[in-house]
> 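What follows is a structure written as structure tokens; I'll ask about it next.
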Amino acid sequence: MGSEIYFDNNATTRLLPEAFEAMRPYLTELYGNTSSIHRFGSQVARKVQEAREQVAALLGASDPVEIVFTSCGTEADNAAIRGILEASPGKRHVVTTQVEHPAVLGLFQHLEKKGYQVTWLRVDRDGMLDLAELEDSLTDNTALASIMVANNETGVIFPIDTVGDIVKARGIPFHVDAVQAAGKLPLNMKKSPVDLLTISGHKFHGPKGVGALYVRRGITFRPFIVGGHQERNRRGGTENVAGIMGMGKAAELALRLLGEEGRRVRELRDRLEQSLLDSCPDCRVNGHRKERLPNTLNMSFKFLEGEAILVLLDQYGICASTGSACTAGSVEPSHVLRAMGVPPEWIQGAVRFSLSRYNTEEEIRFVSEKMPSIIQRLRGLSALGKLSDSQEYQHNDSRTADRIEARR
Ligand code: PLP
């Protein structure tokens, strides 16, 4: 293991040693194909079935047959949305939110170009949905609603069962992206109105390159990847057996440790949050303070650039993010924070700390100690930062904000 202090777990997580051990034989001696007739292949097929049961247990699915393995969360999102649309070709209206991960957002933008009418539900300043807006958006022409469980940037949690009840009352198929929720929040498909649900192995200490789509029994669904008959004709292509075995093991451990580890991680996150609020002037938490993943803290530092903060944190070996890994490195301000109406002078200075069971109190102390001097140093360097302390700013808030906008 390196010497990094890793607070970027919403981007990806460290592979559990147990998951790695579960994968190892399938990368070496147990290389049979699950579709083969011979015993060598069918013993692998049986193991894949066990992993399916482990994933089904994490999701509270009533039957492992409802789990379809995919190559990642993005594929599962595509499979769900395209699979439903293809099964209902007459309907040309879809509903989603403005704050989805690019895996869903990008697909809906693509569908919009192809002639679908997309309702982009708004969020309030806490990042929460307006359920009345959702209800009003649904029509007889609505083919599908796809709404995430927990936001990857802010950790904000949508009341997904209530949302599902509204959608299902109109008989509309309901997909949720639970990539950030799996392993962090209890999920129970037996009692949920959700029809399709996406997860990804590498977000809960499983390997990269494997995901799963939960498809409720009885849902009409067409395969996105057409070809072989794998996954009961729901996803063509030889399975990533090692990946599936690793994800199965990670799912088993995630379920076992959910409550206990969740509480510990929440305590660490809350400690970090309080310490930064106390020691760094002009900072704020983005997103609902209560309805939020226990591991996620998204904070803005006024008039600063999040990327600059990350570079200085990196010098201490601290890994954090400005938000979604998929937009890191681009100068585009976060679409999630913009949708929440976060003002421009706060939006660029957003940093996301996302924790896992591997983080320690010592690491929290270390980051809490380093952050105030990093912020002070950047404010010293930044003319805008200086302005924020000055009398001029106090009296001309809106003019200053305009100047900052002009500089961007
Ligand atoms: N959905 C959400 C909410 C995510 O956070 C991510 C990854 O960050 C994805 C989907 C995509 O998952 P994958 O990286 O497995 O394609």
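Residues take their numbers from the sequence shown, with the count starting at 1. Every number for a ligand or one of its atoms is a count from 1 in the order of the listing.
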> I need the atoms of ligand 1 closer than 4.0 Å to a non-hydrogen atom of Lys203, numbered in the order shown.
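Checking each atom against Lys203, I get 6 (C), 7 (C), 8 (O).
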
> Which salt bridge (charged side-chain N to carboxylate O under 4.0 Å, His left out) pairs, counting each pair once, include a residue from residues 91-115, with sequence neighbours left out?
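Non-adjacent pairs meeting salt bridge (charged side-chain N to carboxylate O under 4.0 Å, His left out): zero.
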
> What atoms of ligand 1 come closer than 4.0 angstrom to any heavy atom of Cys72?
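Near Cys72, the atoms of ligand 1 are 15 (O), 16 (O).
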
> Should Arg352 and Glu153 be marked as a salt bridge (charged side-chain N to carboxylate O under 4.0 Å, His left out) after you check the CA-CA gap, both sets of side-chain angles, and the distance that decides it?
CA-CA 7 Å; Arg352 180 189 71 189; Glu153 293 193 30; over 6 Å; no

> Please report the closest heavy-atom contact between Glu66 and Ser62, naming both atoms and the distance.
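Reported closest heavy-atom pair: OE1-N, 3.3 Å.
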
> Give the atoms of ligand 1, by number and element, whose distance to some non-hydrogen atom of Asp77 is under 4.0 Å.
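Within the 4.0 Å cut-off of Asp77, ligand 1 contributes 10 (C).
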
> Considering only heavy atoms of Ser200, which atoms of ligand 1 have at least one such atom less than 4.0 Å away?
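Near Ser200, meaning under 4.0 Å from one of its heavy atoms, ligand 1 has 13 (P), 15 (O).
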
> If you count the non-hydrogen atoms of other residues, nucleotides and ligands that lie under 6.0 Å from CZ in Arg125, is the total more than 12?
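No.
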
> Please determine if Thr74 has a nitrogen or oxygen closer than 3.5 Å to a nitrogen or oxygen of ligand 1.
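Indeed, backbone or side chain, Thr74 has an N or O that close.
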
> Under 6.0 Å from the CG atom of Asp140, do we count more than 12 heavy atoms belonging to anything else shown?
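Result for CG/Asp140: open.
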
> Considering both backbone and side-chain atoms of Met148, is one of its nitrogen or oxygen atoms within less than 3.5 Å of a nitrogen or oxygen in ligand 1?
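No; every N/O pair is 3.5 Å or more apart.
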
> Tell me which part of Thr198 gets within contact of ligand 1: side chain, backbone, both or neither, using heavy atoms under 4.0 Å.
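Under 4.0 Å from ligand 1, Thr198 contributes no heavy atoms.
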
> Any atoms of ligand 1 less than 4.0 Å from a non-hydrogen atom of Asn152? List them with their elements.
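Once the distances to Asn152 are compared, the set is 3 (C), 5 (O).
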
> Out of Gln180, Glu100, His202, Glu75, indicate the one that has the non-hydrogen atom closest to atom 5 (O) of ligand 1.
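Minimum heavy-atom distance to atom 5 (O) of ligand 1 goes to Gln180.
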
> Go through the steps for Ile374 and Phe301 under the test side-chain contact (heavy atoms from CB on, under 4.5 Å), then give the verdict.
CA-CA 11 Å; Ile374 287 174; Phe301 300 86; over 6 Å; no

> Please find the pair of heavy atoms, one from Asn10 and one from Lys203, that lie closest to each other, and give the distance.
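Reported closest heavy-atom pair: O-NZ, 2.9 Å.
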
